[in-house]
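First up is the structure itself, then whatever we jot down about it.
Convention: sequence-line order gives letters A, B, ...; per-chain numbering from 1. Please read all numbers here as calculations on a predicted model, not as lab measurements.
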Amino acid sequence: MSIPRNPTEAHRNFFQDVHEVVRLVPEGRVTTYGAIAHYLGARHGARMVGWAMMAAHTANEYVPAHRVINRNGLLTGKQHFATPTAMQAALEAEGVPVQDDQVQDFKTRFWDPSTELG
DNA sequence: CTTCTGACTGAAA
DNA sequence: GTTTCAGCCAGAA
């Protein structure tokens, strides 16, 4: 999958919506693609959230993309970072232990925007 | 137009 | 616990 060559206004709005939610994830906590999709009203699938994350590095404001993982707590997006270890390093730097691409104690570190933000 | 792919997920076996 | 399968929507060839 790739970022649209000529993003439409709708695209940019969608990217910004996703990025805004990701920025609300506190340090030391993580969320999932599906949780973000659900918070945005389930009008977009989880895959579309992942798609929007590809544009995270081109966003004007910082997006903590390392806090977004899949429902199993796996760092499925690590290959999209500058280096294969950047995602894990960023998580561990804020106190989230990772082993074998898996966030430890994922269940208690999970931050659901739908319940946390209302 | 068809087909394949993907930072995904929930259900079913 | 596992593997498999079908939806999901956008983009590229």
Side chain of N70(A) - closest among dC9(C), dT9(B), dA12(C): dT9(B)

For atom CD of Q79(A) and atom P of dC8(B), their distance in whole Å: 12 Å

Minimum-distance nucleotide (side-chain atoms of M48(A) versus dG7(C), dA7(B), dC9(C)): dC9(C)

Spacing between F15(A) atom CZ and dA7(B) atom C1', to the nearest angstrom: 13 Å

M53(A) and V18(A), any side-chain heavy atoms less than 4.5 Å apart: yes

I36(A) CD1 to dT9(B) C1', straight-line distance once rounded to whole Å: 14 Å

Nucleotide nearest A46(A) when distance is taken to its side chain, options dA10(C), dT9(B), dA7(B): dT9(B)

Touch class at under 4.0 angstrom, heavy-atom based, for H11(A) against every strand present: sugar-phosphate

Touch class at under 4.0 angstrom, heavy-atom based, for F14(A) against every strand present: nothing

For atom CZ of R47(A) and atom C1' of dG7(C), their distance in whole Å: 9 Å

F14(A) and H44(A) aromatic ring geometry - parallel, tilted or perpendicular at 30°/60° bounds: tilted

Gap between atoms CE and C1', on M54(A) and dA10(C) respectively (whole Å): 9 Å

Touch class at under 4.0 angstrom, heavy-atom based, for A37(A) against every strand present: nothing

Atom-to-atom span, CZ of R67(A) to C1' of dA7(B) - whole angstrom: 17 Å

Among dA10(C), dA12(C), dA7(B), the one nearest S2(A) by side-chain distance: dA12(C)

Complementary nucleotide for dA7(B) - Watson-Crick or wobble, under 3.5 Å: none

Donor-acceptor pair under 3.5 Å, R5(A) side chain vs dG11(C) base: no

Aromatic ring pairing H66(A)/Y62(A), orientation class (parallel under 30°, perpendicular over 60°, tilted between): tilted

Spacing between H44(A) atom NE2 and dG11(C) atom P, to the nearest angstrom: 12 Å

Name of the residue among I69(A), D101(A), T76(A) meeting side-chain contact (heavy atoms from CB on, under 4.5 Å) with M87(A): I69(A)

Whole-Å distance separating the CG atom of N72(A) from the P atom of dT3(C): 12 Å

Nucleotide of dA10(C), dT9(B), dA7(B) approaching T32(A) most closely (side-chain heavy atoms): dT9(B)

Sugar-phosphate only, base, or nothing, as touched by G50(A) at under 4.0 Å among non-hydrogen atoms: base

R67(A) and T31(A), any side-chain heavy atoms less than 4.5 Å apart: no

Nearest-nucleotide pick for R71(A), side chain only, options being dG7(C), dG10(B), dA7(B): dG10(B)

Test: R12(A) and E9(A) ion pair at under 4.0 Å: yes

Residue P4(A), side-chain atoms from C-beta onward, closest of dT9(B), dG11(C), dA7(B): dG11(C)

